Each structure stands twice: as C-alpha cells, then as structure tokens.
Participant: 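Structure provided below as structure tokens; questions to follow.
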Amino acid sequence: MYSLIRIKNELLSKSVFVLILLSLLFIFVFNIFDKSISAPSKFKIKISDDDKSMISRKEMESLSELDNIVAVSEDADIEYIMKKDFGKKFLQGNFDGLIQVKRNNFKVGAGLINDRIATKLVSDYIYFNLYDRVKVEEEIDFEEYEKSLVKTKFVNQILDINVNDRKIAESINKGIDYSSYIILAFLMVISLQLGNIGFLYIKTIRNKGVLNRIMLSGVKERVIQGTEIMLAILKYLIFLFPMFFFMEIKLKQYVVVAFFFFINLLASYFLEKLSKTEEAFKFITNSLMILFLFIGMMIYFYF
C-alpha cells in the first residue's frame with residue numbers, strides 16, 4: 001500500500017511535468033544545434049610543399065580546388081604539409097604518412113575535409129597508375145590491375161594528423177560526433193540525478209524521524225528503498241518517452257547510461273546510510289556523478 005500511494009503521489013506531482021517539459025526543451029534546442037553543426041562551412045587551409053616535385057605541385061593545385069575549401073597563406077583552420085619524397089612515394093602507391101596535417105582548432109567538419117583529401121589522393125594515384133599502363137601496354141587485364149591496387153598501402157594512415165602541434169590518434173575516416181556526446185552527457189546527468197533524489201528523500205525522512213514512524217506502521221525499509229528505485233526508473237522512462245519519437249539515440253548510449261544508473265543507485269544506497277547529513281550526501285553523490293560522467297564518456301569514446 002505504501003509503495004502504490006508514494007508512486008501515485010509522485011507521478012501526479014509537478015516534478016513529472018517538469019521532466020516532460022525538460023525533455024521537449026532539450027529536443028528542441030538539440031535539433032537547432034544539430035542542424036547548425038551539420039551545415040556546410042568553408043575551411044581555410046594552407047598547403048605547404050616540402051617536396052617541390054612536379055607531382056606535389058599538381059596535387060597541391062588539385063587539392064586547393066576542392067569544394068568548401070579556401071586556400072590561404074596564414075590563419076588557416078588546417079595546414080597540410082606535403083613531405084619530402086611525396087612525388088616518389090605517391091607514384092609507388094605508398095600513402096603511409098604522405099601528408100602531415102596540423103589542425104589549429106576543433107572546428108566541426110575537419111574530419112570530412114581530411115577524408116575528401118585522402119580520397120582525392122587515392123583517386124589521382126589510380127588515374128596516374130592506369131595512365132602509365134595504357135601508355136606501355138596494348139591490353140590491360142583489369143582483374144590483375146584490381147589485385148595490384150589491393151596490394152598498395154590504402155589501409156595505412158594517409159594523413160599524419162596533429163592538433164595544435166600535438167599528435168593525436170585519428171584516422172582519415174573518423175570524426176568526432178559531438179551530437180552523440182551531448183546526448184549521452186544529458187541522459188547520464190538526468191538518470192544519475194533521479195537516482196540521487198530518491199535516496200536523498202530517504203536520507204531526509206530518516207534524519208527527521210519520519211522513516212522510523214513509517215516503519216512502525218509495518219512498512220519495511222527495503223520496501224521504501226525499492227519504491228524510490230522504482231520511482232527513479234519510472235520517471236526516467238517518462239523523460240525518455242518524447243525522445244523515442246523525435247530523436248535518434250544509439251543502443252550504446254542506452255547501455256552506458258543504464259550501467260552507470262544502476263552503479264550509482266548501488267553507491268547511493270550505501271552513501272545514504274553512511275553519510276550523516278543531507279548536505280554531505282549531496283556533496284558526495286554530486287562528486288560521484290561528475291566522476292561517472294567522465295568515465296562514461298571515456299567508455300563511449302573507446303568502445
């Protein structure tokens with residue numbers, strides 16, 4: 001009876017309305033943000049030629065003519081440096097670290113520009129390679145030609161990328177999906193806070209002596225704790241409900257959020273008993289929330 005009354009009162013309270021409103025507001029703001037970062041933007045790039053060969057000069061001209069690129073001599077968003085022996089390695093199909101890249105900022109879309117430049121280099125190599133074969137051979141066995149292309153180092157990292165002169169591990173086809181991290185962070189904060197609020201309620205009524213009076217009426221403490229856990233889950237599902245229809249949330253995000261949600265509930269269960277005051281409980285659980293948020297982001301990034 002206690003659980004039903006408590007759940008009914010909470011689900012009919014203003015807090016549920018606030019959660020739904022917060023969910024809709026996040027969807028609205030996020031969609032505006034997502035459209036703004038996905039809009040095409042011009043990148044100022046600087047291309048330096050350390051090789052000074054005919055091939056490097058032609059490739060420099062070719063890359064400068066790509067769409068959404070403005071060639072500049074200074075204040076570039078990205079700087080591409082064609083290394084020495086660029087022409088020799090290019091004609092051999094050796095693309096490993098062919099160009100050094102220095103990113104001067106984290107402007108969204110740089111990964112796409114890198115990908116297009118790498119693709120352009122490969123397509124130009126195929127053109128030069130095929131052209132040379134046409135000049136010396138009357139007939140070309142395209143099946144053999146395809147096998148020879150596979151043997152080249154297309155799988156190697158074409159662009160040797162640095163951010164502000166600091167080397168980072170970034171492949172040519174991997175960009176940072178900022179949107180997914182924003183969604184993950186928001187979902188984690190809401191879920192962890194809902195779990196903390198439930199055990200904070202128990203802490204408050206324990207210190208005021210209300211918990212003992214409820215238990216004297218025949219309600220066991222584990223029933224009260226279970227009710228707060230159930231409330232946290234129900235409120236979170238209500239918060240997520242609008243997002244099912246208006247947002248795309250990845251399975252990996254759900255898994256990460258669920259994992260830390262239950263880990264946080266377990267931690268809150270023990271902290272509620274160990275902490276002496278509500279202020280101490282809030283301080284520790286908020287600190288844990290920041291730690292869990294950081295670890296969750298790292299897990300999402302690396303796995």
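Because the structure is a prediction, the values reported are computed rather than measured.
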Participant: Output, in order, the C-alpha distance, side-chain angles, deciding distance and verdict of side-chain contact (heavy atoms from CB on, under 4.5 Å) for Ile20 and Ile238.
Facilitator: CA-CA 7 Å; Ile20 296 173; Ile238 291 171; 3.7 Å; yes
Participant: Kindly state each residue pair satisfying salt bridge (Lys or Arg N to Asp or Glu O under 4.0 Å) with at least one member in residues 48-57, sequence neighbours excluded.
Facilitator: none
Participant: Identify the heavy atoms of Ala267 and Leu288 that sit nearest to each other, and give their distance.
Facilitator: CB-CD1, 3.9 Å
Participant: Tell me every residue that passes salt bridge (charged side-chain N to carboxylate O under 4.0 Å, His left out) with Lys46, counting only those two or more places apart in sequence or in another chain.
Facilitator: none
Participant: Would you sort out whether Leu234 and Ile7 count as a side-chain contact (heavy atoms from CB on, under 4.5 Å), showing the intermediate values?
Facilitator: CA-CA 9 Å; Leu234 287 174; Ile7 291 174; 4.0 Å; yes
Participant: Val255 and Ile182: same hydrophobic cluster, using ILVMFWY side-chain contacts below 4.5 Å?
Facilitator: no
Participant: side-chain contact (heavy atoms from CB on, under 4.5 Å) with Val210: which residues, sequence neighbours excluded?
Facilitator: Ile205, Lys208, Arg213, Ile214
Participant: Considering the options Leu25, Ile32, Ile27, Asn31, which one meets the side-chain contact (heavy atoms from CB on, under 4.5 Å) requirement together with Val29?
Facilitator: Leu25
Participant: Do other residues, nucleotides or ligands put more than 12 heavy atoms under 6.0 Å from Tyr254 OH?
Facilitator: yes
Participant: Please report the interatomic distance OH(Tyr181) to CZ(Phe301), rounded to the nearest 0.5 Å.
Facilitator: 5.0 Å
Participant: Could you name each residue pair satisfying salt bridge (Lys or Arg N to Asp or Glu O under 4.0 Å) that touches residues 277-300, not counting sequence neighbours?
Facilitator: none
Participant: Do Ile45 and Glu79 come close enough that some side-chain heavy atom pair is under 4.5 Å?
Facilitator: no
Participant: Report the residues that fulfil ring-ring contact (aromatic ring centres under 6.0 Å, His included) with Phe86, sequence neighbours left out, ordered by chain and then residue number.
Facilitator: Phe90
Participant: Check side-chain contact (heavy atoms from CB on, under 4.5 Å) between Ala185 and all other residues, then give those that pass, not counting sequence neighbours.
Facilitator: Leu293, Met297
Participant: Going from CG on Leu211 to OG1 on Thr204, what distance comes out if it is rounded to the nearest 0.5 angstrom?
Facilitator: 11.0 Å
Participant: Any salt bridge (Lys or Arg N to Asp or Glu O under 4.0 Å) pairs touching residues 222-242, not counting sequence neighbours?
Facilitator: Arg6-Glu228, Glu10-Lys235
Participant: Determine whether more than 12 heavy atoms belonging to other residues, nucleotides or ligands lie under 6.0 Å from atom CZ of Phe244.
Facilitator: yes
Participant: Is the shortest side-chain heavy-atom distance between Ile284 and Met289 below 4.5 Å?
Facilitator: no
Participant: Are Phe241 and Leu194 grouped together when hydrophobic residues (ILVMFWY) are joined by side-chain heavy atoms under 4.5 angstrom apart?
Facilitator: yes
Participant: Above 12 or not: heavy atoms from other molecules or residues under 6.0 Å from NZ of Lys84?
Facilitator: no
Participant: Is it the case that one hydrophobic cluster holds both Val189 and Phe294, taking links as side-chain heavy atoms less than 4.5 Å apart, direct or via other members?
Facilitator: yes
Participant: Give, for atom NZ of Lys203 and atom OG1 of Thr285, the distance between the pair rounded to the nearest 0.5 Å.
Facilitator: 11.5 Å
Participant: For Ile47 versus Ser64, what's the shortest heavy-atom pair and its separation?
Facilitator: CD1-OG, 3.5 Å
Participant: Inspect the surroundings of OH in Tyr2 and state if more than 12 heavy atoms from other residues, nucleotides or ligands are less than 6.0 Å away.
Facilitator: yes
Participant: With sequence neighbours excluded, what pairs up with Phe239 under the side-chain contact (heavy atoms from CB on, under 4.5 Å) test?
Facilitator: Leu19, Leu22, Ser23, Phe186, Leu187, Ile190, Tyr236, Met243
Participant: With ring-ring contact (aromatic ring centres under 6.0 Å, His included) as the rule and sequence neighbours excluded, what pairs involving residues 259-281 come up?
Facilitator: Phe260-Phe292
Participant: Please identify each residue that fulfils side-chain contact (heavy atoms from CB on, under 4.5 Å) with Val223, with sequence neighbours left out.
Facilitator: Ser3, Val219, Lys220, Thr227
Participant: Compare every heavy atom of Leu271 with every heavy atom of Ser275, then report the nearest pair and how far apart it is.
Facilitator: OG-O, 2.7 Å
Participant: NZ of Lys83 to OG of Ser56: how many Å apart, nearest 0.5 Å?
Facilitator: 14.5 Å
Participant: In the single-linkage hydrophobic clustering (I, L, V, M, F, W, Y; side-chain heavy atoms under 4.5 Å), do Phe303 and Val257 co-cluster?
Facilitator: yes
Participant: Closest approach of Tyr300 and Lys250, non-hydrogen atoms and distance?
Facilitator: OH-CD, 3.5 Å
Participant: Quick one: list whatever passes salt bridge (charged side-chain N to carboxylate O under 4.0 Å, His left out) with Glu221, sequence neighbours left out.
Facilitator: Arg206, Lys273
Participant: Counting only heavy atoms from other residues, nucleotides and ligands, does the tally under 6.0 Å from CE of Met54 exceed 12?
Facilitator: no
Participant: Do Ile290 and Val256 share a hydrophobic cluster (ILVMFWY, side-chain heavy atoms under 4.5 Å, transitive)?
Facilitator: no
Participant: Applying side-chain contact (heavy atoms from CB on, under 4.5 Å), run through Met60 and Tyr80 and close with a yes or a no.
Facilitator: CA-CA 9 Å; Met60 186 168 66; Tyr80 296 93; over 6 Å; no
Participant: For Ile197, what are the other residues in its hydrophobic cluster, where any two members join if their side-chain heavy atoms are less than 4.5 angstrom apart?
Facilitator: none
Participant: To the nearest 0.5 Å, tell me how far Ile224 CD1 sits from Ile229 CD1.
Facilitator: 12.5 Å
Participant: Roughly how far, to the nearest 0.5 Å, is OG of Ser191 from CG of Leu237?
Facilitator: 11.0 Å
